Amino acid sequence: MALDETSRQRVWQIVAAIPAGKVASYGQVAELAELPRQARAVGRMMSQLPKGTKLPWHRVINAQGRISFPIDSDGYNRQRERLEAEGVEFTGERINLKIYRWDGCIS
DNA sequence: AATTTGACCAGTA
DNA sequence: CTACTGGCCAAAT
């Protein structure tokens with residue numbers, strides 16, 4: 001069974017709830033959306049988002065604290081710029097998850 | 001139709 | 001730090 005409509009809506013809702021200046025991993029989003037071990041499905045959804053989406057897709061990164069695009073690629077630069085504009089700092093290629101990881105609490 | 005790829009991840013060595 | 005394993009599964013080859 002793959003992702004039904006309600007599952008996708010939950011994913012979108014989770015991503016939309018990530019506050020500016022914080023990040024969440026694909027796996028974390030999947031888990032919060034009650035889709036354990038479906039990290040890839042979340043990544044797939046991000047890749048399929050419409051161009052002008054209002055979803056803060058840039059706040060979703062991989063579990064290593066890195067952007068899941070090849071360094072210096074178009075997508076990498078776009079995502080990194082948005083994150084830094086929100087105050088997320090990089091140490092080299094990495095984000096310190098101890099500081100910037102979203103705790104996952106929904107207000 | 002079969003195989004590989006991909007905005008992934010955690011465990012182990 | 002790298003390398004490999006198994007989980008995951010739709011989409012692209």
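Worth saying up front: this structure is predicted, and the values here are computed from it rather than measured. We use all heavy atoms of the structure for the numbers below, so side chains are in, but hydrogens, waters and symmetry mates are not.
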Q) Checking A:Arg10 side chain against A:Ala33 main chain: does a donor-acceptor pair fall under 3.5 Å? A) yes
Q | Salt bridge present between A:Arg78 and A:Asp74 (N-O < 4.0 angstrom) | A | yes
**Q.** Common cluster, A:Leu3/A:Trp12, ILVMFWY with side-chain heavy-atom separation under 4.5 Å
**A.** yes
Q) Ignoring hydrogens and geometry, is there a side-chain-to-backbone donor-acceptor pair from A:Ser47 to A:Arg44 under 3.5 Å? A) yes
Q) In terms of side-chain heavy atoms of A:Arg44, which of B:dC9, B:dA7, B:dG6 is nearest? A) B:dG6
Q) Same cluster for A:Ile18 and A:Ile67 if Ile/Leu/Val/Met/Phe/Trp/Tyr side chains link at under 4.5 Å? A) no
Q. Whole-Å distance between B:dC9 P and A:Arg37 CZ?
A. 14 Å
Q. Mind checking whether A:Met45 and A:Val60 sit in one hydrophobic cluster, side chains of I, L, V, M, F, W, Y counted as touching below 4.5 Å?
A. yes
(Q) For the C1' atoms, the ones on B:dT5 and on C:dG7, what distance do you get once it is rounded to whole angstrom? (A) 16 Å
Between the protein and nucleotides 2-5 of chain B, list every N/O to N/O distance that falls short of 3.5 Å.
none

Q. Between atom CG in A:Leu3 and atom C1' in B:dC8, what is the gap in whole Å?
A. 13 Å
Q) If you take all heavy atoms of A:Cys105 and A:Trp102, which pair is closest and at what distance? A) O-CZ2, 3.6 Å
Q | Main-chain N/O of A:Thr6 paired to A:Gln9 side chain as donor or acceptor, under 3.5 Å | A | no
Q.
Rounded to whole Å, please give me the gap between CZ in A:Arg40 and P in B:dC8.
A. 7 Å
Q) Which whole-number value in Å describes the distance from A:Leu32 CG to B:dC8 P? A) 18 Å
Q) Does A:Phe69 belong to the same Ile/Leu/Val/Met/Phe/Trp/Tyr cluster as A:Leu49, with side-chain heavy atoms less than 4.5 Å apart forming each link? A) no
Q | Atom-pair distance (CD on A:Glu31; P on B:dC8), nearest Å | A | 18 Å
Q | Atom C1', compared across B:dA7 and C:dT5: separation rounded to whole Å | A | 22 Å
(Q) Please report the distance, rounded to the nearest Å, between CG in A:Leu97 and P in B:dA10. (A) 11 Å
Q.
What I want to find out is whether A:Glu86 reaches A:Arg82 closely enough, with some N-O distance under 4.0 Å, to be called a salt bridge.
A. no
Q: Name every residue in residues 70-77 of chain A that has at least one heavy atom under 4.0 Å from any atom of DNA chain B, in order of residue number, or write none if there are no such residues.
A: none
(Q) Below the 4.0 Å mark, does C:dC9 have OP1 or OP2 next to a side-chain nitrogen or oxygen of A:Gln38? (A) yes
Q: Scan residues 45-66 of chain A against DNA chain C and write down, sorted by residue number, each residue with any heavy atom closer than 4.0 Å; if none is found, say none.
A: none
Q. If two hydrophobic side chains count as joined below 4.5 Å and joins carry through other members, does A:Tyr26 share a cluster with A:Ile14?
A. yes
